[in-house]
Amino acid sequence: MSTINEKLLKPYDAKATENRIYKLWEESEFFNPDVCIEKGVTKADAESFSIVLPPPNVTGNLHTGHALMLVIQDIMIRYARMQGKKTLWVPGTDHAAIATQSKVEKLLEKEGIRKNDIGREEFLKRVEKFAQDSHDTIVNQAKKMGASLDWSREAFTLDEKRNLAVRTAFTQMYKDELIYRGNRMVNWDPKGQTVISDDEIIYEERKGKFYTFKYGPFEIGTARPETKFGDKYVVMHPDDKRYASWKHGDKIKLEWINGPIEATIIKDPMIDMGFGTGVMTITPWHSHEDFALAEKYKLDKEQIIDKFGKLLPIAAEFVGMKITDAREKIVEKLKEKELLVSVDENYVNRIATAERSGGIIEPQIMLQWFIDVNKKIPTRENKSLKDLMLEPVRDEKIKIIPNHFEKVYFNWIENLHDWCISRQIWYGHRIPVWYKDKEIYSGIEAPKGAGWTQDEDTLDTWFSSGLWTFSTLGWPEKTKDLETYHPTSVLETGHDILFFWIARMILMSQYLIGEIPFKNVYLHGMVRTADGKKMSKSLGDKAIDPLDIIAKYGNDALRMAMVVGNTPGNDLKLNENDIRGYGKFTNKVWNASRFVLEQTKDLDIKNLPKLDEEDALSERELVDLLKEVSKEMEEFRFSLVAEKLYHYFWHTFADVIIERSKKKIIESELQNGNADSAKALIYTQLTTLLRALHPFIPFVTEEIWSMMPDTNNLLMVEKWPS
RNA sequence: GCGCGGUUAGCUCAGUUGGUAGAGCAACCCGUUUACACCGGGAAGGUCGUAGGUUCGAGUCCUACACCGCGCACCA
């Protein structure tokens with residue numbers, strides 16, 4: 001005969017319980033599927049279920065967005081583990097090249113240190129120290145959030161093993177001529193002093209001036225007079241009647257910024273006849289579209305602006321000036337020369353800025369490394385990387401939830417250009433290419449012999465992230481993990497990195513190992529504050545810290561608030577009131593359990609009494625609910641499941657079944673009868689509900705489970721009651 | 001300009017193949033009934049953005065429009 005645990009006599013204390021429970025889980029080592037098999041809680045031949053954690057950047061703390069992803073993934077993982085699957089959730093962190101480097105640069109600036117003063121080696125030491133500290137914070141926070149990650153398999157995108165994976169991947173792509181080095185138009189960030197990819201650009205609308213100048217017999221418009229020095233091609237539409245007297249290739253002489261020049265007429269249908277005067281001049285070195293036109297007609301390309309955003313000698317008297325300073329002066333000069341026609345002060349321009357540094361992008365032609373996304377690959381049935389990215393989603397081998405993001409994905413692939421992968425920053429994977437005179441060598445290891453120097457550049461951080469699903473499992477080695485857990489079951493992440501990351505993972509996995517990286521993609525929305533603001537870094541101290549919330553209301557409460565009412569793809573407004581409400585729910589579970597445990601002390605649980613008609617009906621209702629809810633779990637409808645279980649526990653189990661049992665128990669005492677059926681029902685329903693609720697509120701359910709008579713194992717490895 | 005999503009009770013949001021609308025919170029009334037006042041009982045609250053259409057029947061399917069949010073492209 002057991003006695004009631006004293007802890008149950010007080011309200012549930014999440015704070016005092018949660019750390020202790022997490023330690024219990026960690027010490028059990030059940031987060032590691034190998035241990036689960038060893039200890040007999042998982043069958044060796046069980047189906048496997050795996051998720052790789054989207055590695056948080058080592059740039060600081062975990063925020064509510066991370067909390068959300070940890071909660072959703074932990075629910076999936078705990079559910080799978082309780083289903084008896086071989087369940088693996090791989091943790092890791094991301095070196096996040098540019099993001100981390102610029103963060104450390106800013107910190108050093110505060111101390112008055114510039115990275116060039118201390119040199120590459122010393123700077124990298126500082127970055128690594130910072131990254132290590134961030135890593136430790138992140139791991140600690142993830143544990144506080146209850147994440148059942150297998151820490152024995154932790155990975156870092158820039159550790160030795162992942163570096164080998166990167167070198168291997170690069171070398172193979174180089175051999176297949178998918179990686180090439182070339183002079184092409186790239187997005188140069190003068191502030192960050194590096195190239196960035198199309199996806200790292202943020203467009204901002206800014207009000208600026210739009211100038212119209214006389215250009216020989218024409219009038220041309222521009223928002224950027226400082227790029228116009230080298231303009232010696234004037235372009236118009238072949239069907240434009242206003243300019244019918246000029247023919248393609250005609251030369252005209254005219255007076256321009258620094259004196260008389262000769263310009264060539266180009267007729268091309270890319271011109272919008274309705275915009276401005278229907279005539280423009282081009283600057284092939286500093287504009288994507290102009291570059292394309294110059295390539296088409298084999299026109300000269302001249303660099304006007306250097307990589308620091310200053311004018312080159314072609315600008316004559318303006319040489320060395322910053323473009324922003326030069327602009328007004330150039331306009332002034334043109335005005336004096338009576339070439340200025342008009343200025344529109346209300347012109348709204350879309351400015352390309354670098355996501356990390358905030359610098360204004362200056363398109364430049366530069367020698368960089370690229371991945372060719374259109375080249376047909378003989379070893380992959382002559383498909384291109386684009387095809388390899390497109391096909392598995394189109395053929396539904398990869399399912400995206402919610403599925404309307406598939407259209408967004410296809411649209412992105414259709415517009416995809418070659419991916420620029422070299423970066424002029426220090427922190428990251430060094431490009432595995434060596435030069436010696438005119439020789440170029442790419443390999444996993446440095447070439448033998450003297451005189452070789454390695455490329456100074458590092459790789460785009462998404463290159464290593466793209467390998468994540470299999471580099472974490474041991475690739476390029478043929479490991480057992482790789483065989484067992486790849487393709488992974490689900491990739492769960494925010495929809496904002498669909499292109500950055502998901503597309504790149506599909507590309508890398510399809511090309512390098514010939515299989516999809518994951519079967520399902522579950523995209524969650526952004527976490528917002530109660531008044532709908534983005535819970536981003538810009539909010540600073542006003543953003544909710546998930547750890548504060550946990551300290552106040554408990555992890556289980558936060559988890560429920562993040563799941564109920566949150567459907568894939570939609571933003572979540574995190575409201576403290578809701579969290580408080582779910583805190584009450586954990587207490588409700590706690591108190592109901594107390595009642596059940598008190599009333600069933602003398603129940604023979606190994607030989608439960610038969611249920612009467614009424615109670616049997618209730619039991620069938622729960623069985624039906626679980627059937628329904630299990631199906632919804634398979635469909636990733638966690639919000640519905642959490643809500644239904646919540647509702648059943650509170651308003652059927654507690655309000656109806658327990659209340660009914662009280663009457664029966666009192667009656668039986670008065671009439672000297674028995675309430676065996678009622679007691680059996682509340683006992684079995686409680687054990688069932690604790691199991692079903694565990695993936696959602698793991699802490700309080702595990703704590704109660706430990707007080708149940710006749711429970712040997714942790715609840716986390718018990719069976720889900722389907 | 002092209003595309004995607006949203007518009008449902010005061011607020012936040014569910015609503016699976018079309019079958020006369022749901023939850024949580026808030027507000028209202030009643031109740032200190034021995035698991036829990038971090039509680040229980042009760043009542044109230046919506047012509048599901050607008051206008052058409054398909055259907056025996058539409059929040060759900062189709063068309064158009066409006067407003068909000070987002071993505072992509074162009075902007076000489």
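Lettering follows sequence order; numbering is per chain, from 1. Everything numeric here is computed off the predicted structure, so don't read it as measured data.
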How long is the line joining [atom1] of [X] and [atom2] of [N], in whole Å?
| X | N | atom1 | atom2 | result |
| --- | --- | --- | --- | --- |
| D198(A) | G71(B) | CG | P | 16 Å |
| D571(A) | C4(B) | CG | P | 19 Å |
| N575(A) | C11(B) | CG | P | 14 Å |
| K573(A) | G6(B) | NZ | C1' | 11 Å |
| N411(A) | C4(B) | CG | P | 9 Å |
| M280(A) | C74(B) | CE | C1' | 11 Å |
| L416(A) | A73(B) | CG | P | 11 Å |
| W412(A) | A73(B) | CH2 | P | 11 Å |

- Message: One character per nucleotide, please: for nucleotides 23-40 of chain B, 5' to 3', B when the base has a protein heavy atom closer than 4.0 Å, S when only the sugar-phosphate does, - otherwise.
- Response: SS----------BB-BSS
- Is it true that the NZ or CZ of K662(A) lies under 6.0 Å from the centre of F595(A)'s six-membered ring and within 45 degrees of the ring axis? yes
Using a 4.0 Å heavy-atom cut-off across all strands, classify [X] as base, sugar-phosphate, or nothing.
| X | answer |
| --- | --- |
| S639(A) | nothing |
| D272(A) | base |
| S287(A) | nothing |
| I271(A) | base |

Determine the Euclidean distance between corresponding [atom1] atoms of [M] and [N]; express it in Å to zero decimal places.
| N | M | atom1 | value |
| --- | --- | --- | --- |
| G45(B) | G24(B) | C1' | 15 Å |
| A9(B) | U47(B) | P | 9 Å |
| G18(B) | C62(B) | C1' | 13 Å |
| A44(B) | G22(B) | C1' | 16 Å |
| G10(B) | U50(B) | P | 14 Å |
| U33(B) | A26(B) | C1' | 27 Å |
| C68(B) | G49(B) | C1' | 11 Å |
| U20(B) | C48(B) | P | 15 Å |

- Item | Result of checking E628(A), E634(A), E635(A) against K631(A) for salt bridge (Lys or Arg N to Asp or Glu O under 4.0 Å) | E635(A)
- Message: Does the plane of the ring in F275(A) sit parallel, tilted or perpendicular to the ring in F210(A)? Use 30° and 60° as the thresholds.
- Response: perpendicular
If we call it a pair only when both distances are under 3.5 Å in a Watson-Crick or G-U wobble match, what pairs with [N]?
| N | value |
| --- | --- |
| U32(B) | none |
| G69(B) | C4(B) |
| U20(B) | none |
| A58(B) | none |
| A37(B) | none |

- Query: Are the ring centres of F218(A) and Y243(A) closer than 6.0 Å?
  - Reply: yes
- Item | Value rounded to 0.5 Å, distance of CD in Q303(A) from CD1 in I365(A) | 8.0 Å
- Message: Rounded at 0.5 Å granularity, tell me how far CG in L626(A) sits from NZ in K644(A).
- Response: 11.5 Å
For residues 581-589 of chain A, which side-chain N or O atoms pair as donor and acceptor with protein atoms under 3.5 Å away, sequence neighbours left out?
residue	atom	partner	partner atom	Å
T586(A)	OG1	G583(A)	O	2.6
N587(A)	OD1	Y12(A)	N	3.1

- Message: Applying side chain to side chain contact (heavy atoms under 4.5 Å, CB included), can you list everything that pairs with I261(A), at least two apart in sequence or on another chain?
- Response: Y215(A), L254(A), W256(A)
- Query: Which heavy atom of Y553(A) sits nearest a heavy atom of A14(A), and at what distance?
  - Reply: O-CB, 4.4 Å
- Message: C2(B), OP1 or OP2 - any side-chain N/O from N415(A) closer than 4.0 Å?
- Response: no
